[in-house]
Amino acid sequence: MTTRAARWRVTGPRRLAGRVPPNARTDVGVILVYLALAAWVGHGLWPDPATRALAHNVGDQTLIEWFLAHGVLFWTGEFDLHTVRLNSPDGVNLMSNASHILHGILMAPVTVLFGASVSFALLVPLNLAATATGWYLLFARGLRYDRLAAMVGGLVTGFAPGMISQSNSHLHISAQWLVPPIVWCVIRLARARRARSALAASLGLAALVCAQTFLGEEVLYLTALTLLLFTLAYAAVRPAWARRVALSFLSGLVLAASVSALVLLYPLWMQFAGPQHTPNAPFLPQYFSADVFSYLTYSPLSIGGSPGAGRLAPGPAELNAFLSAPLIALLVALVVWRRRTPSVVAAAVAMVVLAYLSLGVTVTVGGAPTGFPSLYRLIADVPVIDAALPTRYALALIPLVAVVLVDALAAARAGAMGALREAMRHGGPARLDRWAPTAVPLAVAAALLPLFPLPLAATDREPVPAFITTGAWRECVPPGGVLVPVPLPTPYDPDTMRWAAAANAAFGLPEGFFLGPYGPNGRTSVGTWKRPTSALLADVAATGQVPVVTDEMRAQARADLEFWRADCVALAHVPHGAALRSTLEQLLGPGTPVVDTWVWPVTR
């Protein structure tokens, strides 16, 4: 046994490696590259995610951490698409918010063990790496492109400037790892020659559509629109093929749509007619539009960019259109070169339409409106569709860019290999004097290298009070009860929502950061209106001035606490904490110190 063990230690790993197909080893290596690059992008949140935040979008990070913590309730049986754990007692409609339902469910073990902040810090890079991996496997294994070209396609789709920008706390947008399998199911449906294959593709598509609905509906819409444009253009280039597959293909799509609609019947009812649903898009499309010059400019989040370029976008989390002039020029050249390839032509047509849509209600060049006719105006008032911000149509270009680049790299490599085979067949030197095998990879590298992503900027934030992290909150709030943190969370400063996130949404909060129907005539608002006591405490928190509290204000405080169904009021170490404590003692009487927090239990 000793001799066998020694021999195994020497030869065993080599024999195991020999049993792994070379392509599988390549795939693993590529995926590790994606993971390393994604870790580099998001490393600013480590080593302590609880006290680190993405500097360009701290508020959205706080909201997402709350949603991730709420996802833990799925495994306890307390989960509902309308939750009163935020904005108590009215609650929040999760389907009307980008609520990361699937993220929260999948990350629940990490959230329970390490906290929602760790789940968030993991999702930032994992979304990028998983998206890149999905597209790489689609190109390499599904569409049979060579591994090097497929790797470049994965890098583009996972780490394009728009994806890096959306990683600033728009994780429902950067989570595009279900898109490649959705595309693959559509391809399989078009290729199906047997009823069983068509049925499997249809049901797989339906399952993925349902999953993507709970991951990010905006990405699902952009994917569907891109596939529609691509398919129509592809069919126009290959009409005979289109007529041959049309019946089975459309039948499969109808089946997939029917199954997914049946499964999503209740969630969609909740979204459009359920409690606290929002009737309209809350953001102005004319503000969230792409500038024509942004397509020609390097992103500030790329090594080739400059901070001043950010003025061409609505904000650092919406740098979606920054492809750069060199890459666009290269794409034009490659489309002309590969104009006889239907997939390249279809990708080019779809890119033009989507880019035009991204320019929004008014076409803007360098910040100046041009008056040029807008394609987006045709859909600007269409319900549901109007919720997709115009600038995000630019994100749909990214996979199409990858399609053109992967095709060109594969064609160039095939040309080089063909020349070598011809040389070996005739016994002469290889004729590699054609420009493509050398020029295309060099041009692609030159166009993509300046787009290499910079790490996401991060900043420090205050730790959650030990009153929460030690579980001492249970001394004054029963599980499922309502804690009133002071000051109350708002869309502009939702930090105290981290208290509930740290407790895995075990208690509810009044007010907060969310989308709700509190605008004029029930229109969509960000957050809700403040109760008088909340407004009073917010004013003290902002000014540090202690008001003269009257009996009327005390009565109002009791009424507000009753409205919120509050069990406890809590004040931790915050700016102007002494003034807030004095105000609360005038309103509610003496407080009680618990760990590092003053609390006022509410008796009903």
Side-chain angles (χ1 to χ4, degrees), residues 30 132 135-136 138-140 142-163 180 183 187 226-227 229-238 290 292 294-299 302 304 320-356 358 393-419 432-452:
V30 169
W135 283 105
Y136 165 77
L138 175 61
F139 287 132
L143 301 177
R144 304 293 183 180
Y145 286 106
D146 71 76
R147 257 50 184 185
L148 181 60
M151 179 181 179
V152 173
L155 287 171
V156 170
T157 51
F159 299 94
M163 290 290 288
V183 173
I187 293 173
T226 305
L227 283 170
L229 294 172
F230 185 96
T231 302
L232 291 176
Y234 192 90
V237 175
R238 298 185 63 190
V292 172
S294 66
Y295 276 101
L296 307 175
T297 308
Y298 288 117
S299 168
S302 303
N320 303 317
F322 289 73
L323 296 179
S324 79
L327 179 56
I328 290 177
L330 175 62
L331 290 170
V332 172
L334 294 179
V335 169
V336 171
W337 176 48
R338 299 288 296 163
R339 61 188 178 277
R340 292 185 177 85
T341 305
S343 60
V344 172
V345 174
V349 171
M351 278 193 283
V352 171
V353 175
L354 291 166
Y356 196 2
S358 74
Y393 285 93
L395 295 170
L397 273 70
I398 295 172
L400 300 171
V401 170
V403 167
V404 175
L405 295 180
V406 169
D407 172 83
L409 288 169
R413 181 177 174 84
M417 295 303 295
L432 297 179
D433 51 351
R434 291 190 177 183
W435 57 271
T438 302
V440 170
L442 289 178
V444 170
L448 294 183
L449 282 177
L451 301 180
F452 189 86

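Numbers here are sequence positions counted from 1.
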Check: [Y] and [X] side chains under 4.5 Å, non-hydrogen atoms:
X: L296; Y: S324; value: no
X: P399; Y: F230; value: no
X: L405; Y: L330; value: yes
X: Y393; Y: N320; value: no
X: S302; Y: F452; value: no
X: T226; Y: L400; value: yes

Output a table of donor-acceptor pairs, distance under 3.5 Å, between side-chain atoms of residues 147-154 and any protein atom two or more places apart or on a different chain; print 'none' if there are none.
{"from": "R147", "atom 1": "NE", "to": "D27", "atom 2": "OD1", "distance (Å)": "3.1"}
{"from": "R147", "atom 1": "NH2", "to": "D27", "atom 2": "OD1", "distance (Å)": "3.4"}
{"from": "R147", "atom 1": "NH2", "to": "D27", "atom 2": "OD2", "distance (Å)": "3.2"}

Inset, instruction - Take V156 and W135, measure what side-chain contact (heavy atoms from CB on, under 4.5 Å) needs, and give me the verdict at the end. - result: CA-CA 9 Å; V156 170; W135 283 105; over 6 Å; no
Inset, instruction - Examine distances only and state if a side-chain atom of S294 and a backbone atom of A290 form a donor-acceptor pair shorter than 3.5 Å. - result: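 No, S294 side chain to A290 backbone: no donor-acceptor pair under 3.5 Å.
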Inset, instruction - Go through the steps to decide whether I187 and L143 satisfy the test side-chain contact (heavy atoms from CB on, under 4.5 Å), and finish with yes or no. - result: CA-CA 9 Å; I187 293 173; L143 301 177; 3.9 Å; yes
Inset, instruction - Just jot down the ring pair (Phe, Tyr, Trp, His ring centres under 6.0 Å) partners of Y145, sequence neighbours excluded, or say none. - result: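 Listed in chain order: nothing, the list is empty.
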Legend entry - Non-neighbouring partners of S358 that pass side chain to side chain donor-acceptor pair (under 3.5 Å), sequence neighbours left out: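 So S358 forms a side chain to side chain donor-acceptor pair (under 3.5 Å) with Y295.
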Legend entry - For R238, side chain to side chain donor-acceptor pair (under 3.5 Å) partners two or more places apart: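 Partners of R238 by the side chain to side chain donor-acceptor pair (under 3.5 Å) criterion, ordered by chain and then number, come out as Y234.
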For residues 343-354, run the donor-acceptor check on the side chains, cut-off 3.5 Å, and write out each pair with its distance to 0.1 Å, sequence neighbours left out.
none

Legend entry - salt bridge (Lys or Arg N to Asp or Glu O under 4.0 Å) contacts touching residues 396-408 (sequence neighbours left out):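 Pairs touching residues 396-408 that pass the test: R338-D407.
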